[in-house]
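Please read the structure below before turning to the comments.
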Amino acid sequence: LEIHRKRSARLTRLPPTLRPANMVSGDAVKMLPAVGVAALSVGAAFWLQLISVGFIVGLALLGGLCAAGLALGQRAVLFLGKDEQLLVEGFTGTTVINGPGTKVLNPFSYRSAETRKAVTLSATDYAKITDLVDGSERVEKGPQLLFLGPYDKVTKEEHALSLSTTEYAYVQDQLTGSLTIVKGPCMWFPSPYDSFSRGQATSLSKTEFIIVEDQMTAEKKTVKGPCVWFPGPNEKKISQHSAIALQEDQYLRLKDTSSGARWIQKGKALVFLEPTWAAEATVPGKGSVRSAWSLKAYEYVRLVDSITGKITVHRGEKTVFPGPDEELLDGEVLTAMDLKVHEYVKILDQATGDIRVESGTSKGSKQVFLGPYEKCIDGGQKKAIEVDEDHAVLVRDKATGQLRLVTENQLFVPAANETIEEVRSLIRLADHEAMIVKGNDGEFQYFYGSEEKRKEGQPRSFFLQPYDEIVKLCWSKGRRRETRNLFIERFDCRPQFMSFEFNCRTSDNVELVLEGTFFWEVVNLPAMVKSTGDTTGDLCNHARSQFIRHVARVTLKEFMETSHTIAKAVWEDDKQFYASRGVWIHSLEVTRYACADSRTSEILEQIIQETTNRMNRLSQAESENEVNLFRMQGQIEQERLNGDLLKIQHEHSTEEAEVMGKAESARIAAFMDGLQTSVPKPEDRAHMWQVLRKTEALATVTQGNCTLYFTPSDVDLSIETKAR
């Protein structure tokens, strides 16, 4: 039964023309459970033999008649509600009967009848209806209670398109292909063949605009704000932009891509670009809005026209906007050159090739602006040369190529065709200095600081003349004079020390490393320059040869004993060589020597150590003898002083005793004389004096931590013993 119910439900959703003719109605299906229960009850009673077969047959006939009557009644009488519709499928066609009401039909005049609900459409709903006979379509709008025709089918039921004030519908008629735009606010119902899509209108502020393209003609236009833009049927928004706001000191370079025209849009303005306009960036990588040049009184700019090549100069004070084809020539705002009284600049006019020199005036500074085709040469702004007693300037005239030395005191500014080759300082020579100058004829001139060596009329201080040059000698340096890169242009004529080091062998084949010093002096500068270009190298090399020759004649022991004699012989035997080099050797000394071989050096070290130890022991013995001698002298002096001290102490004690005795005798005499009248006996006065002396003694003893013992003879004391 459940399977039959589901099949019937599916079939009822089909159109009447597609349903099977033997389809059972819904009411009959509802009665099937009751009929089944009754059949089961009858079967059970028959099985229990409660009823007979005849009764069952009669009951079956009665039930069949009742069922047939009920079925005919249901097909003949139908009840329809207000929102119901009866779809009757006859044998030749289909009709519909709309409710409400009771409908009586001839049960044998139609195939089937179906009750279906009408379609309720609200104010925002619509239904798309298809006629299944001719295939036509229509749209029914709400609000209404829609009763379908006999061959109508609802193919689509939806809400109408609600458009706000900023929305629109893009509608296309699929039959004709025409396009329309429906703008909000509204409630839009489509026609049967319309396809649509919702779109959002573009809200533009007063600083925004959009580029719109007509897809039929490919023309573009600009829509400026403030507005809400709805597209036309064939219009499409290409892009949305913000207007370019220009301040008073800003500009925009625009180009019309359709005509190629270019122009400058100056501020203050709000620029809306047309579709064919393009804002050009003046500097790649930066924005198109550029600031005009606000020039101060000492500033200027040079602009070059990229089409004609013409250059224009604009000086301050003003605000400069370029032309459409003008670019900044120098890449920045230029500042006028402020030339002080001691400054100058050379300026080249590239159009004519003329050179002019601008310099400060004695009244103050001067501002110089470059012309359209001018540029600074020779390094730009420079300081004039102060020519005084200590400085001169060497100038070359480019027109003639000649050099001249300006020595007059002035603030020197070169002319247009002159260049400063060099600023030369006054050469001052000390008393011990000398210098060699090579003239333009190749001759050497010798200048000395010493008044004794200078020629008559030769200056001690001088400027180097235009074509003269200072002669430099390249001398060797280092203890072995292996490197020759010491350039000397001022020669020191004072005696000076020069160290050396080289190897040589003794007659017993011991290789020694000698170190020593020359104490030498340049005495004849022309002879030195004439004979050698490396004076120090020649001296050391010659001394090395002499040492090798002399040392080879002696043994190591003899060399150790006579090294200073050999050194003296080296330079005294060949003084002519040093004189030919213009030098004088005051002394030549060997300051150190060592064996080149390590083992020999160790033996030599032991010999030297033993000699040193012996000398140290001798020095130590001498020191000890001197210390003992000094100690004895000290003791003698101490005893002598002790004797003098004892003698002086004895004399002082004697004198002190005499003074004290005289004082005591004076006291006694005064005491005795004073008591002579009252105590006439001398014995009594003497006894009284002794008593007073004892009293003084007792007073003295009691002042200290002393113990006084008395004998019976010293005191009048008697002891008595009493028994109790």
Side-chain angles (χ1 to χ4, degrees), residues 3-32 67-161 171 173-176 187-196:
I3 294 173
H4 182 74
R5 185 184 62 78
K6 291 181 179 180
R7 180 175 177 273
S8 299
R10 289 196 302 269
L11 292 176
T12 54
R13 290 195 295 268
L14 295 175
T17 55
L18 299 179
R19 296 174 188 170
N22 57 353
M23 178 180 175
V24 182
S25 66
D27 295 336
V29 172
K30 294 178 181 179
M31 293 179 63
L32 287 177
L70 181 61
L72 290 175
Q74 287 182 347
R75 284 178 62 86
V77 181
L78 298 172
F79 300 95
L80 300 176
K82 185 177 181 180
D83 59 342
E84 291 181 332
Q85 182 185 47
L86 183 62
L87 178 64
V88 180
E89 181 182 2
F91 294 103
T92 60
T94 302
T95 59
V96 293
I97 300 173
N98 299 331
T102 302
K103 304 298 179 184
V104 179
L105 301 176
N106 184 1
F108 302 102
S109 63
Y110 66 93
R111 295 182 191 179
S112 64
E114 178 191 3
T115 301
R116 62 182 181 184
K117 290 287 186 179
V119 180
T120 302
L121 299 177
S122 67
T124 61
D125 293 339
Y126 72 94
K128 187 176 181 181
I129 312 298
T130 303
D131 192 324
L132 298 177
V133 176
D134 58 10
S136 62
E137 294 180 345
R138 74 180 189 277
V139 172
E140 294 291 341
K141 304 177 182 179
Q144 65 170 316
L145 186 62
L146 176 63
F147 292 94
L148 299 177
Y151 300 101
D152 288 347
K153 177 185 176 183
V154 179
T155 57
K156 187 177 183 181
E157 183 178 354
E158 290 187 359
H159 295 291
L161 186 63
V171 183
D173 192 327
Q174 296 181 348
L175 290 179
T176 63
M187 187 69 68
W188 178 75
F189 296 89
S191 61
Y193 302 101
D194 286 347
S195 63
F196 65 91

With a 4.5 Å limit on heavy-atom distance, are the side chains of Asp152 and Asp131 in contact? yes

Pick from Thr115, Leu145, Asn98: which one makes a side chain to side chain contact (heavy atoms under 4.5 Å, CB included) with Gln85? Asn98

Nearest atoms (heavy-atom pairs only) where Asp173 meets Asp194: CA-OD1, 3.7 Å

Is the backbone of His159 close enough, under 3.5 Å, to the side chain of Thr124 for a donor and an acceptor to pair up by distance? no

Taking all non-hydrogen atoms of both residues, which atom of Ala160 and which atom of Phe189 are closest, and how far apart? CB-CE2, 3.2 Å

How long is the gap from CE on Met187 to NZ on Lys141, to the nearest 0.5 Å? 12.0 Å

Indicate the atoms forming the closest heavy-atom contact of Pro192 with Arg138, along with that distance. CG-CA, 3.6 Å

Closest non-hydrogen atoms of Pro150 and Thr94, given as atom of the first, atom of the second and distance, are CB-O, 3.4 Å

Taking it one step at a time, do Leu121 and Glu157 satisfy side-chain contact (heavy atoms from CB on, under 4.5 Å)? CA-CA 9 Å; Leu121 299 177; Glu157 183 178 354; 4.0 Å; yes

Would Ile129 and Val154 count as a side-chain contact (heavy atoms from CB on, under 4.5 Å) if you check the C-alpha gap in whole Å, the side-chain angles of each, and the deciding distance to 0.1 Å? CA-CA 5 Å; Ile129 312 298; Val154 179; 3.6 Å; yes

Atom CZ in Arg111, atom CZ in Phe91: separation rounded to 0.5 Å? 7.0 Å

Closest heavy-atom pair, Val139 versus Ser191, reported as atoms and distance to 0.1 Å, is CG2-C, 3.7 Å

Quick one: closest heavy-atom pair of Phe79 and Glu84, and the distance? O-OE1, 3.9 Å

side-chain contact (heavy atoms from CB on, under 4.5 Å), that's the test. Do Phe147 and Val96 meet it? Break it down for me. CA-CA 9 Å; Phe147 292 94; Val96 293; over 6 Å; no

Could you walk me through whether Glu140 and Val119 satisfy the side-chain contact (heavy atoms from CB on, under 4.5 Å) test, starting with their C-alpha distance in whole Å, then the side-chain angles of each, then the deciding distance to 0.1 Å, before giving a yes or no? CA-CA 10 Å; Glu140 294 291 341; Val119 180; over 6 Å; no

Nearest 0.5 Å, what's the CG-OH distance between Leu132 and Tyr151? 10.0 Å

